[in-house]
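Order of appearance sets the numbers: ligands from 1, and atoms from 1 within every ligand. Just so we're clear, the structure is a prediction, and the values are computed from it rather than from any experiment.
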Amino acid sequence: MSIVNEISEALLVGNAAKVKELTEKALGEGVSPKDIIQQGLIPGMGVVGVKFKNNEYYVPEVLIAARAMHAGLNIVKPMLADSGMEPVGRIAIGTVKGDLHDIGKNLVAMMLEGAGFDVNDLGIDVTADKFVEVVKDGSVDVIAMSALLTTTMPSMADTIKALEAAGLRDKVKIMIGGAPVTQNYADEIGADGYSADAASAVDTAKELMGV
Ligand code: B1M
């Protein structure tokens, strides 16, 4: 088995120490940071996503695998600037204003990162103004909003209205999700994409990026 496949396997079983060790070994053998990410870490997280969708993995397994992914990513990320590897896309993610739930949002952020996106996690209780700010400074392709309360879902619509008012709506794609959120709601408020879970969020984000 090649060393990048070994990295995928170690990630899949959540063995962070092994992923770190193999990543260092691979770099020592001259494997590029890009190949470690594209042939080791990303395919590993891809399998995690499929297992999560199929109910073979649950939240704890995904979190443990994501921790293992970060063990490798933290080593190679600083080297990427020199390698010329472009992210799949740049995403700013946050739980919307008034909402403090972040477990699902964090899972989505980890899966997106594992799929090669550059993720700016804005945290919880993120105001429409904050989302507008990151779009204004040109640092994102996609805004990803999470809501867990029926009472905070309207904050998603408020963000879209604020982007429209600022003349920035056509500068960014918007995807939404969270337990009470539906495709119908996404259509109603004019979001570009909706996904029901963290693995599908990767598919939606890729679709929005046209990749
Ligand atoms: Co809260 N809470 N909570 N809570 N809480 C719920 C959501 C609730 C359904 C519980 C219930 O009553 N049965 C209910 C909401 C009712 C409603 O609005 N319909 C509720 C309530 C009422 C409240 C408070 C108001 C309680 C109170 O104080 N009276 C309060 C509100 C605080 C606030 O936000 N302002 C509150 C507080 C809390 C805690 C702080 C205690 C804690 C949050 C801790 C944290 O997140 N750090 C908490 C928790 C843990 C829950 C439950 C139990 C679990 C949520 C969770 O993390 N699920 C929840 C009941 C439940 O769901 N069983 C509940 C696991 C997580 C992996 O799933 O977040 O759905 P989820 O994410 C999924 C998908 O939804 C999707 O992918 C994820 C992974 O597959 N997804 C996206 C999520 N975001 C996405 C974004 C995307 C795409 C997909 O694209 C951008």
Query raised in the report: For ligand 1, is any non-hydrogen atom under 4.0 Å from Val108's backbone (N, CA, C, O), its side chain (CB onward), both, or neither?
Result: side chain
Query raised in the report: Does atom 8 (C) of ligand 1 have any protein heavy atom closer than 4.0 Å?
Result: no
Query raised in the report: How far apart are the closest heavy atoms of Ile7 and Val19, and which atoms are they?
Result: O-CG2, 4.1 Å
Query raised in the report: Is any side-chain heavy atom of Leu163 less than 4.5 Å from a side-chain heavy atom of Ile174?
Result: yes
Query raised in the report: Is the shortest N/O to N/O distance between Leu100 and ligand 1 below 3.5 Å?
Result: yes
Query raised in the report: Side-chain donor-acceptor pair under 3.5 Å between Asp137 and Ser139, yes or no?
Result: yes
Requested in this report: Could you list which atoms of ligand 1 come closer than 4.0 Å to a heavy atom of Ser146?
Outcome: 83 (C), 84 (N), 85 (C), 86 (C)
Query raised in the report: Can you check whether Val48 reaches Leu11 side chain to side chain, under 4.5 Å on heavy atoms?
Result: yes
Query raised in the report: What are the atoms of ligand 1, with element, lying closer than 4.0 Å to any heavy atom of Leu148?
Result: 7 (C), 15 (C), 69 (O), 70 (O)
Query raised in the report: Which of these, Ala196, Ala191, Ser195, has its nearest heavy atom closest to atom 74 (C) of ligand 1?
Result: Ala196
Report task. Look up atom 41 (C) of ligand 1 and tell me if a protein heavy atom lies less than 4.0 Å from it? Result -> no
Query raised in the report: Is any side-chain heavy atom of Asp118 closer than 4.5 Å to a side-chain heavy atom of Glu86?
Result: no
Query raised in the report: Does Met153 offer a backbone N or O that forms a donor-acceptor pair with the side chain of Tyr185 under 3.5 Å?
Result: yes
Report task. Check each heavy atom of Phe52 against ligand 1 and say whether those closer than 4.0 Å belong to the side chain, the backbone, both or neither. Result -> side chain
Query - Electrostatic pair Asp99:Lys105 at N-O distance under 4.0 angstrom - result: no
Query raised in the report: ligand 1 and Thr150, any nitrogen or oxygen pair closer than 3.5 angstrom?
Result: yes
Query raised in the report: Would you say the side chain of Val202 lies within less than 4.5 Å of the side chain of Met45, judging by non-hydrogen atoms?
Result: no
Report task. Report the part of Ile176 in contact with ligand 1, treating N, CA, C, O as backbone and CB onward as side chain, heavy atoms under 4.0 Å; options are side chain, backbone, both, neither. Result -> backbone
Requested in this report: Answer yes or no: is there a donor N or O on one side and an acceptor on the other, between the side chain of Tyr57 and the main chain of Leu12, under 3.5 Å?
Outcome: yes
Query raised in the report: Could any protein non-hydrogen atom be found less than 4.0 Å from atom 29 (N) of ligand 1?
Result: no
Requested in this report: Check for a donor-acceptor pair, side chain of Ser155 on one end and backbone N or O of Lys97 on the other, with a separation under 3.5 Å.
Outcome: yes
Query - Closer than 4.0 Å: a protein non-hydrogen atom to atom 1 (Co) of ligand 1 - result: yes
Report summary line: Quick note on ligand 1: atoms under 4.0 Å from a heavy atom of Val59 include exactly 67 (C)
Requested in this report: Could you list the atoms of ligand 1 found under 4.0 angstrom from a heavy atom of Asp197?
Outcome: 76 (C), 77 (O), 80 (O)
Query - Residues Glu133, Lys130: salt bridge by 4.0 Å N-O rule - result: yes
Query raised in the report: So, Arg169 and Asp192, do they make that salt bridge, N to O below 4.0 Å?
Result: yes
Query raised in the report: Contact between Gly178 and ligand 1, counting heavy atoms under 4.0 Å?
Result: yes
Query - Glu9 side chain near Lys18 side chain, heavy-atom distance below 4.5 Å - result: no
Report task. Using a strict cut-off of 4.0 Å, indicate which atoms of ligand 1 neighbour a heavy atom of Ala179. Result -> 70 (O), 75 (O)
Query raised in the report: Between Gln183 and Asp187, does any side-chain donor sit less than 3.5 Å from a side-chain acceptor?
Result: yes
**Report entry** Sub-4.0 Å protein heavy atom next to atom 61 (C) of ligand 1
**Finding:** no
**Report entry** ligand 1 N/O within reach of Gly98 N/O, cut-off under 3.5 Å
**Finding:** yes
Requested in this report: Using the rule that two of Ile, Leu, Val, Met, Phe, Trp, Tyr join whenever any of their side-chain heavy atoms come within less than 4.5 Å, decide whether Leu73 and Val47 are in one cluster.
Outcome: yes
Query - Heavy atom of protein inside 4.0 Å of atom 82 (C) of ligand 1, strictly below - result: yes
Report task. Go through ligand 1 atom by atom and flag the ones less than 4.0 Å from a non-hydrogen atom of Asp102. Result -> 45 (C), 46 (O), 47 (N)
Query raised in the report: Would you say Thr151 contacts ligand 1, with heavy atoms under 4.0 Å as the rule?
Result: no
Report task. Evaluate the 4.0 Å heavy atom contact test for atom 12 (O) of ligand 1: does a protein atom fall under the cut-off? Result -> no
Report summary line: Out of Met111, Lys105, His101, the nearest non-hydrogen contact to atom 6 (C) of ligand 1 is supplied by His101
**Report entry** Least distance between heavy atoms, Gly177 atom then Met156 atom
**Finding:** O-CE, 3.5 Å
Query raised in the report: For atom 19 (N) of ligand 1, is some protein heavy-atom partner under 4.0 Å away?
Result: yes
Query raised in the report: Just distances here: any N/O of Leu107 and N/O of ligand 1 closer than 3.5 Å?
Result: no
Report task. Tell me which protein heavy atom sits closest to atom 21 (C) of ligand 1, plus the residue, atom name and distance to 0.1 Å. Result -> Leu149 CD2, 3.5 Å
Report summary line: Looking at Pro180, Gly104, Ala199, Gly94, the heavy atom closest to atom 78 (C) of ligand 1 belongs to Gly104
